[in-house]
Enquirer: 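So that we are looking at the same thing, I have put the structure below in structure tokens.
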Amino acid sequence: MAGEAPELSAQKAFPVSWDQFHRDCRALTWRLNEVGPFHAVIAITRGGLVPAAIVARELGVRVIDTVCIASYDHTKQGDLQVLKGVSEAAMKLGGGTGKGLLIVDDLVDTGKTGKLVREMLPDAHFATVYAKPKGRPLVDTFITEVSQDTWIFFPWDTALSYHPPLRDGAA
Ligand SMILES: O=P(O)(O)OC[C@H]1O[C@H](OP(=O)(O)OP(=O)(O)O)[C@H](O)[C@@H]1O
Ligand SMILES: Nc1nc2[nH]cnc2c(=O)[nH]1
Ligand SMILES: [Mg+2]
């Protein structure tokens, strides 16, 4: 069933800069360091790639795999498609159930993506940088919760742009 996020304009915007995202990923790593050690990091692409790189570097993990899932077309979520599953090597490192593996994503919203990956790796630790209330129960470790009607804008999706002066009627 395709879930529809309310139109972007109706939502609160939560823009995140590279600097803020890097600091939030480091904060996530401080928490994960209490839970580890991990044999491998599994990034849920594409949003999990940047946090996975930062977390792996901070935790000294050198085996990084991906689970490639497509579901959102901008703000609308369609059916989830698994384009690539967990590699055999990573599966083996996790004893077939994900034990000692760390799944990383940028955020959990409805929780559908997290649920699908948890079914693949039930004993893995699932971490995201941000979480919305609906998806929060799926996540083992996260840094910041935002409201369900917030749309997070990640640094790789945005750019600095010109904003006209207030006197010229800028919002
Ligand atoms: O909890 P959910 O409602 O399932 O939403 C969370 C997922 O949505 C986004 O990915 P998206 O599917 O947009 O793909 P992308 O990471 O390649 O941008 C985000 O990176 C999470 O993976
Ligand atoms: N960029 C972005 N992608 C999402 N996918 C599901 N929720 C979100 C969100 O809040 N921001
Ligand atoms: Mg994603």
Side-chain angles (χ1 to χ4, degrees), residues 1-29 31-32 38 40-58 61 64-87 90-91 94 98 101-122 124-161:
M1 172 26 194
E4 284 211 10
E7 271 317 301
L8 260 190
S9 52
Q11 293 194 358
K12 301 179 187 74
F14 184 69
V16 180
S17 68
W18 280 112
D19 174 55
Q20 181 63 48
F21 193 72
H22 195 183
R23 284 189 290 125
D24 287 342
C25 288
R26 281 219 166 107
L28 181 64
T29 310
R31 296 202 187 163
L32 293 171
F38 297 104
V41 169
I42 318 283
I44 302 179
T45 66
R46 297 159 301 176
L49 286 167
V50 171
I54 295 165
V55 168
R57 183 261 177 192
E58 299 299 336
V61 175
I64 302 181
D65 191 20
T66 59
V67 169
C68 304
I69 295 177
S71 70
Y72 277 84
D73 176 10
H74 198 22
T75 60
K76 288 188 179 55
Q77 185 169 42
D79 297 329
L80 273 66
Q81 276 180 296
V82 179
L83 306 174
K84 173 202 167 280
V86 184
S87 73
M91 222 36 182
L101 301 189
L102 173 61
I103 304 166
V104 174
D105 207 350
D106 50 359
L107 79 107
V108 63
D109 187 325
T110 65
K112 286 189 185 127
T113 304
K115 188 168 175 298
L116 188 56
V117 181
R118 268 203 177 287
E119 281 158 12
M120 297 176 189
L121 300 163
H125 191 93
F126 181 37
T128 63
V129 189
Y130 307 114
K132 296 189 193 176
K134 256 196 215 159
R136 180 176 165 162
L138 272 293
V139 190
D140 295 310
T141 308
F142 71 95
I143 290 298
T144 305
E145 179 168 346
V146 298
S147 64
Q148 201 65 41
D149 66 344
T150 297
W151 191 260
I152 302 171
F153 289 92
F154 290 101
W156 53 83
D157 281 336
T158 51
L160 291 175
S161 63

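Just so you know, ligand 1 is whichever comes first in the structure, and atom 1 is the first atom listed for that ligand.
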Enquirer: More than 12 heavy atoms of other residues, nucleotides or ligands under 6.0 Å from CZ of R46: is that the case?
Expert: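 No, not enclosed.
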Enquirer: I need the minimum non-hydrogen distance between G111 and L138, along with the two atoms involved.
Expert: O-CG, 3.9 Å
Enquirer: Less than 4.5 Å apart, any side-chain heavy atom of Q148 and any of D109?
Expert: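 A side-chain contact exists here, since the closest heavy-atom pair is under 4.5 Å.
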Enquirer: Who are the side chain to side chain contact (heavy atoms under 4.5 Å, CB included) partners of T141, not counting sequence neighbours?
Expert: L28, R31, L32, H125, A127
Enquirer: Checking S87 now: which residues fulfil side chain to side chain contact (heavy atoms under 4.5 Å, CB included) with it, not counting sequence neighbours?
Expert: D65, A89, A90
Enquirer: Closest approach of A124 and R118, non-hydrogen atoms and distance?
Expert: O-NH1, 3.8 Å
Enquirer: To the nearest 0.5 Å, tell me how far I103 CD1 sits from T113 OG1.
Expert: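 The CD1 atom of I103 sits 11.5 Å away from the OG1 atom of T113.
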Enquirer: Taking atom types as modelled, find out whether D19 and S17 have a side-chain donor-acceptor pair closer than 3.5 angstrom.
Expert: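 No, no side-chain donor-acceptor pair sits under 3.5 Å.
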Enquirer: Other residues, nucleotides and ligands only: do more than 12 of their heavy atoms fall within 6.0 Å of NZ on K134?
Expert: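 No, NZ of K134 has 12 or fewer neighbouring heavy atoms, counting only those of other groups under 6.0 Å.
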Enquirer: Collect the protein residues that have a non-hydrogen atom under 4.0 Å from ligand 2 and hand them over in chain and number order.
Expert: Y72, L107, D109, K132, T150, W151, I152, F154, D157
Enquirer: Quick one, list the residues around ligand 1 where some non-hydrogen atom comes in under 4.0 Å, by chain and residue number.
Expert: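 Protein residues near ligand 1 are T45, R46, G47, S71, Y72, Q77, D105, D106, L107, V108, D109, T110, G111, K112, T113.
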